[in-house]
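Below: the structure, in structure tokens.
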Amino acid sequence: NGKSVAIAITTHGSDWYWAVTAVMVCATFAFMGLALTKPRQHRVFHYITAAITLVASIAYFSMGSGLGWTPIDVEFPRAIGSGVAGVNREIFYVRYIDWFITTPLLLLDLLLTAALPWPTILFVILIDEVMIVTGLVGALVRSSYKWGYFTFGCVALLYITYVLVWEARRHANVMGRDIGKAFLYCGSLTAFLWMLYPIAWGICEGGNVITPDSEAIFYGILDLLAKPVFGALLIWGHRGIDPARLGL
Ligand code: RET
């Protein structure tokens, strides 16, 4: 845009992004392999969970390849030459394409486990899409309006967290002891991890406080816990649960 003088991009991030890609690919094969050991009527959670790590594999493949990002002028130039107008930051918009597909699938995994009625599931997923899109737009905006988008996203996350820790948890407990337990583990992990994403956003895309290298580590660890580790825990939790009991 003529006034850009420098771009803060990852310098060591690529190797780490490739390592996460490898884990996501392995997890996808593992979840699909486990699906094949079950009768077809018992595979729904394997399929959803494998789709999540498959999409993440492609997002991480993109970031490892140095793709899926765009330079955005930062509100507070900090990473390089503090006070220099027009300093850019590497914003990985591909994360949000990943999250737009995978966060509804993660919620589907959880809310189907709790056997919530489908209109409730649909509404929670639509609010989740609001959260991801406001995060993307906020990340692409330079001015302080970005914090307005961020606030909308945080309100959406508060609603999702309320459904997970209250409505869905209670519903899962009514469905049976084993279902309640599976939900408690996976729902608690999700409620905790998802609250760390806006913190990461605030110090990366938002406030430009930490470098894109540190961002790679922060989001990478969160994504490994929120997708492959969550997925393994969910599939393990379903080992003795017949999907027919959940109306599936
Ligand atoms: C944003 C910024 C706007 C405010 C909030 C956010 C929350 C994002 C979350 C993302 C979860 C991603 C997952 C990915 C899978 O691995 C969009 C960062 C609240 C909760 C679980």
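Order of listing sets the numbers, starting from 1, for every ligand and every atom in it. Everything quoted here is computed from the prediction, not taken from an experiment.
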Review point. Between Ser62 and Ser65, is any side-chain donor less than 3.5 angstrom from a side-chain acceptor?
Key: no
**Study point:** For atom 10 (C) of ligand 1, the protein heavy atom that lies nearest, with its residue and separation
**Key:** Tyr197 CG, 3.5 Å
Review point. So, the side chain of Arg89 versus the backbone of Asn208: is there a donor-acceptor pair under 3.5 Å, distance only?
Key: no
Review point. Quick one: does ligand 1 sit under 4.0 Å from the side chain of Leu222, the backbone, both or neither, non-hydrogen atoms only?
Key: neither
Check your understanding: Does a side chain donor of either Tyr93 or Glu205 reach within less than 3.5 Å of an acceptor in the other side chain?
Key -> no
Review point. Looking only at atom types and distance, does a side-chain atom of Arg170 sit under 3.5 Å from a main-chain N or O of Glu167, one as donor and one as acceptor?
Key: no
Study note, to complete from the structure: The atoms of ligand 1 lying under 4.0 Å from a heavy atom of Gly135, numbered in the order shown, are 2 (C), 3 (C), 17 (C)
Revision key, fill the gap. For Lys227, the ligand 1 atoms with a heavy-atom partner under 4.0 Å come out as 14 (C), 15 (C), 16 (O)
**Study point:** Atoms in ligand 1 with a heavy atom of Leu157 nearer than 4.0 Å
**Key:** 19 (C)
Check your understanding: Which ligand 1 atoms does Trp201 reach within 4.0 Å, using its non-hydrogen atoms?
Key -> 2 (C), 18 (C)
Review point. Just which atoms of ligand 1 are under 4.0 Å from any heavy atom in Trp194?
Key: 20 (C), 21 (C)
Review point. Under the ring-ring contact (aromatic ring centres under 6.0 Å, His included) criterion, do Phe61 and Trp18 qualify, and how do the steps go?
Key: CA-CA 7 Å; Phe61 162 81; Trp18 281 117; 5.7 Å; yes
Point to revise | ligand 1 N/O within reach of Asp223 N/O, cut-off under 3.5 Å | key: yes
Check your understanding: Is it true that the side chains of Asp98 and Tyr60 contain a donor and an acceptor less than 3.5 Å apart?
Key -> no
**Study point:** Under 3.5 Å donor-acceptor, Trp16 side chain and Ala216 backbone
**Key:** yes
Check your understanding: What are the atoms of ligand 1, with element, lying closer than 4.0 Å to any heavy atom of Gly153?
Key -> 4 (C), 19 (C)
**Study point:** Nearest protein heavy atom with distance in Å, relative to atom 6 (C) of ligand 1
**Key:** Met131 CG, 4.1 Å
